Undergrad: 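Structure incoming, see below.
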Amino acid sequence: MSDVRVRFAPSPTGYLHVGGVRTALFNWLLARQQKGTFILRIEDTDQSRSTEEAIDAILEGMRWVGLDWDEGPFRQTERMDLYRQHAMTLLDHKQAYWCVCTAEELEARRKEAQAKGLSPTYDGRCRARGIMNPTGDAALRFKAPQEGQTVIEDLIKGEVTFDNSVLDDLIILRSNGYPTYNFSVVVDDALMGITHVIRGDDHLTNTPRQIPMFRALGYPVPRFGHLPMIMGADKARLSKRHGATSILAYRDMGYLPEAMLNYLARLGWSHGDEEIFTVPDLIKKFSLDQVQKSSAVFNPDKLLWVNAQHIQHGDPKRVSRLLRPFLDQAGVGTTAKALSDDWMVKLVLALRERAKTLADMAAAAAPYLAEEVTFEPGAAEKFLTPAIVTALTKLADRFAALSEFSHASLEQAFKHVLDEEGLKMGQLAQPVRVALTGRTATPGLFEVMELLGRERTLARLRQGIERAKAAG
RNA sequence: GUCCCCAUCGUCUAGUCUGGCCUAGGACGCUGGCCUUUCAAGCCGGCAACACGGGUUCAAAUCCCGUUGGGGACACCA
């Protein structure tokens with residue numbers, strides 16, 4: 001185990017979204033590659049916005065994509081004493097002070113400043129008051145440095161310099177006794193021994209506010225790396241407006257977790273011209289050096305393609321296992337339960353080239369699971385006609401006489417009928433396909449027959465013949 | 001408004017640090033064809049980009065400055 005310690009620290013104010021997963025992924029990848037420690041911390045200090053449901057959704061999402069954590073999940077609301085203790089230390093050392101300005105006053109001043117075109121920062125009016133024992137509601141503010149510069153050696157962006165004059169005195173303890181974000185992160189990152197803070201670049205301007213707090217508290221300052229944001233097609237920050245943003249929605253649509261991770265990794269990171277990575281690949285090849293500095297647009301089309309690649313090249317056993325719940329959803333689950341793993345693997349092998357999601361695959365699987373054939377509109381009318389009855393009948397008879405119902409023997413029998421009837425493959429294949437599946441687009445015919453088995457193949461063929469006769 | 005970040009095909013990106021091998025490569029999508037029992041998959045081809053303007057240099061997508069554009073931050077949210 002190396003000394004690399006990283007964390008993912010979401011706030012439970014909503015579901016786990018795609019951007020959050022990518023941040024978690026990059027941290028996790030770093031930890032797994034360096035044999036370090038990945039910590040999950042729930043930042044729930046906003047009483048009014050945090051919910052238990054959101055925490056559950058975050059944990060469920062993390063588990064679904066397979067980003068397992070080594071420590072935690074910690075909840076900041078269970079660590080209140082720590083923040084208060086540290087806040088008091090700062091107060092004792094005169095690095096923090098009580099502020100009795102009310103939220104309403106501050107809001108009013110902010111608006112006024114903004115209207116005048118000034119910076120909407122706190123003017124520091126309580127700084128010099130030296131209030132020791134506030135009577136009413138009071139918040140604790142951190143004395144930010146006002147001179148000099150804070151320089152960040154960002155792992156991704158490079159050197160970033162801020163003039164400390166842009167800093168104001170941040171509230172670290174609310175009047176309700178809860179710490180604010182910028183303070184609780186510092187205390188936790190310090191106490192948890194975080195070595196690398198890898199987070200979204202929306203936090204870049206928080207960094208010069210946090211560094212002085214580490215110093216004031218006497219803790220070492222971790223390394224920082226700020227990841228570019230993920231945008232929607234309109235270049236605006238990814239949000240509900242851009243469709244599915246909850247990671248679990250992708251699970252429900254039939255995406256593979258490894259495909260999701262593959263796609264997300266490629267959003268902002270690259271390894272030469274490679275596109276498809278397994279999770280172990282990512283762990284081996286990931287590097288902060290190859291992370292992009294600029295934001296990336298989330299492209300659902302490419303995600304779909306990546307998913308198709310993983311369905312197509314992934315372990316068919318695994319795919320079939322993931323497919324089962326989708327068969328349930330498609331209403332053919334009861335049949336599926338009774339099916340052997342071997343048969344399921346055959347099914348996946350037959351369908352995987354034409355399925356981009358597990359939901360697609362489940363829909364394509366229906367003809368092999370349902371009792372009755374459901375004809376797609378127009379298919380029977382077009383292909384099951386009197387003209388094909390003779391050939392179809394001969395085929396059924398030959399199939400019935402087969403000692404072995406296998407791909408090779410079926411194909412041989414099929415060719416015989418073709419010869420006898422003077423037909424081309426396509427002329428007979430489509431009617432058979434429709435008779436067997438009700439559809440005009442399916443896997444190869446002989447795979448279909450193997451999947452169906454002798455009984456169902458013959459039964460459906462004969463039903464098809466009757467239907468073709470009746471069409472006359 | 002102030003501060004910070006960013007800038008290669010529509011999108012994701014290689015190339016930028018360590019200028020020349022770049023008449024800018026790959027991928028998604030779109031598109032033409034091949035293969036073919038359907039549909040896919042696969043294979044071959046096409047369209048398509050260094051934001052702009054100044055420098056520096058024998059030479060700039062690559063270095064510097066500016067402009068423009070995009071994004072982020074400026075809460076008793078995280």
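This is a predicted model, so every value here is computed, not measured. Below, chains carry the letters A, B, ... as their sequence lines are ordered, and counting in each starts from 1.
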Undergrad: Given the structure, check if the side chain of A:Asn206 and the base of B:rA78 hold any donor-acceptor pair shorter than 3.5 Å.
TA: yes
Undergrad: Does B:rC63 pair with anything, Watson-Crick or G-U wobble, both distances under 3.5 Å, and if so, with which nucleotide?
TA: B:rG55
Undergrad: Within residues 405-428 of chain A, which residues have any heavy atom lying less than 4.0 Å from an atom of RNA chain B?
TA: A:Met425, A:Gly426
Undergrad: Using a 4.5 Å cut-off on heavy atoms from C-beta on, say whether the side chain of A:Trp28 contacts that of A:Thr23.
TA: no
Undergrad: Taking for each residue the nucleotide of RNA chain B bearing the nearest heavy atom, is the 5' side occupied by A:Gly444 or by A:Arg22?
TA: A:Arg22
Undergrad: Between atom CZ in A:Arg354 and atom C1' in B:rU38, what is the gap in whole Å?
TA: 9 Å
Undergrad: Nearest to the side chain of A:Thr205, heavy atoms from C-beta on, is which of B:rC4, B:rG71, B:rC6?
TA: B:rC4
Undergrad: Choosing from B:rA14, B:rU37, B:rC76, which nucleotide comes nearest the side chain of A:Ser270?
TA: B:rA14
Undergrad: Just call it for A:Thr121: base, sugar-phosphate, or nothing, with non-hydrogen atoms closer than 4.0 Å on any strand.
TA: sugar-phosphate
Undergrad: Does the side chain of A:Arg266 get closer than 4.0 angstrom to OP1 or OP2 of B:rG26 through an N or O atom?
TA: no
Undergrad: Choosing from B:rC76, B:rC12, B:rA73, which nucleotide comes nearest the side chain of A:Glu275?
TA: B:rC12
Undergrad: Is there a side-chain contact between A:Gln309 and A:Asn262, using heavy atoms and a 4.5 Å cut-off?
TA: no
Undergrad: Just checking, any donor-acceptor pair under 3.5 angstrom between side chains of A:Gln149 and A:Asp163?
TA: yes
Undergrad: Does A:Thr45 place a side-chain N or O at less than 4.0 Å from the phosphate oxygens OP1/OP2 of B:rA78?
TA: yes
Undergrad: In the structure shown, which nucleotide is the Watson-Crick or G-U wobble counterpart of B:rU36, with both distances under 3.5 Å?
TA: none
Undergrad: Counting only Watson-Crick or G-U wobble pairs whose two distances fall under 3.5 Å, which nucleotide matches B:rU16?
TA: none
Undergrad: Rounded off to whole Å, could you give me the NE2-to-P distance for the A:His203 and B:rC5 pair?
TA: 17 Å
Undergrad: Once you apply a heavy-atom cut-off of 4.0 Å, does A:Thr161 come out as touching a base, just sugar-phosphate, or nothing?
TA: sugar-phosphate
Undergrad: Looking at A:Lys293 and A:Asp201, does any basic side-chain N land under 4.0 Å from a carboxylate oxygen?
TA: no
Undergrad: Tell me whether the side-chain N/O atoms of A:Gln292 come closer than 4.0 Å to OP1 or OP2 in B:rA14.
TA: yes
Undergrad: Checking base pairs now: Watson-Crick or wobble, both atom distances under 3.5 Å. What partners B:rA24?
TA: none
Undergrad: Using atom CG of A:Leu118 as one end and atom P of B:rC3 as the other, report the distance to the nearest whole Å.
TA: 13 Å
Undergrad: With ring pair (Phe, Tyr, Trp, His ring centres under 6.0 Å) as the criterion, how do A:Phe286 and A:Phe26 come out once you've worked through the C-alpha distance, each side chain's angles and the decisive distance to 0.1 Å?
TA: CA-CA 8 Å; A:Phe286 181 74; A:Phe26 284 19; 5.0 Å; yes
Undergrad: Tell me the interatomic distance from A:Phe298, atom CZ, to B:rG29, atom P, rounded to whole angstroms.
TA: 15 Å
Undergrad: For the pair made of CD in A:Glu274 and P in B:rC28, what is the distance, rounded to whole Å?
TA: 15 Å
Undergrad: Side-chain N or O of A:Gln210 less than 4.0 angstrom from OP1 or OP2 on B:rA73?
TA: no
Undergrad: Using a heavy-atom distance cut-off of less than 4.0 Å, which residues of residues 76-88 of chain A contact RNA chain B?
TA: none
Undergrad: Between the base of B:rC39 and the side chain of A:Thr440, is one N or O donor paired with an acceptor at under 3.5 angstrom?
TA: no
Undergrad: Any heavy-atom pair between the side chains of A:Gln85 and A:Met80 that's under 4.5 Å?
TA: no
Undergrad: Considering just the side-chain nitrogens and oxygens of A:Thr13, establish if one lies under 4.0 Å of OP1 or OP2 belonging to B:rA78.
TA: no
Undergrad: I want to verify a distance call: between B:rU37, B:rC12, B:rC76, whose nearest atom is closest to the A:Ala103 side chain?
TA: B:rC76
Undergrad: Between B:rG42 atom P and A:Gln312 atom CD, what is the distance in whole Å?
TA: 5 Å
Undergrad: Look only at the side chain of A:Glu43 and the backbone of A:Pro10, and say whether a donor-acceptor pair between them is shorter than 3.5 Å.
TA: no
Undergrad: Watson-Crick or G-U wobble partner for B:rG45, using a 3.5 Å limit on both distances?
TA: B:rU31
Undergrad: Taking OP1 and OP2 of B:rC12, is either one under 4.0 Å from a side-chain nitrogen or oxygen of A:Lys302?
TA: no
Undergrad: Does B:rU68 have a Watson-Crick or wobble mate here (both distances under 3.5 Å), and if so which one?
TA: B:rA7
Undergrad: NZ of A:Lys356 versus P of B:rC28: gap in Å, rounded?
TA: 10 Å
Undergrad: Heavy atoms from C-beta onward define the side chain here; which of B:rA78, B:rA40, B:rC39 lies closest to that of A:Ala441?
TA: B:rC39
Undergrad: Tell me whether the side-chain N or O atoms of A:Asp273 pair up with the base of B:rG25 as donor and acceptor below 3.5 Å, since no angle test is needed here.
TA: yes
Undergrad: Is A:Glu104 salt-bridged to A:Arg109, cutoff N-O under 4.0 Å?
TA: no
Undergrad: For A:Arg110 and B:rC76, what is the distance between atoms CZ and C1' respectively, to the nearest whole Å?
TA: 9 Å
Undergrad: For the residue pair A:His203 / A:Asn206, report whether a side-chain donor-acceptor contact shorter than 3.5 Å exists.
TA: yes
Undergrad: Among B:rA41, B:rA75, B:rU37, which nucleotide sits nearest the side chain of A:Glu353?
TA: B:rA41
Undergrad: Are A:Leu238 and A:Met229 side-chain neighbours, meaning at least one heavy-atom pair lies under 4.5 Å?
TA: no
Undergrad: Nearest to the side chain of A:Ala296, heavy atoms from C-beta on, is which of B:rA27, B:rU13, B:rG1?
TA: B:rU13
Undergrad: Please determine whether a side-chain nitrogen of the Lys or Arg among A:Arg49 and A:Asp46 lies less than 4.0 Å from a carboxylate oxygen of the Asp or Glu.
TA: yes
Undergrad: Assuming nearest nucleotide by heavy-atom distance, tell me which of A:His271 and A:Ile171 is located more 5' along RNA chain B.
TA: A:His271
Undergrad: Would you mind checking if A:Asp169 and A:Lys143 are paired as a salt bridge, meaning a charged N to carboxylate O distance below 4.0 Å?
TA: no
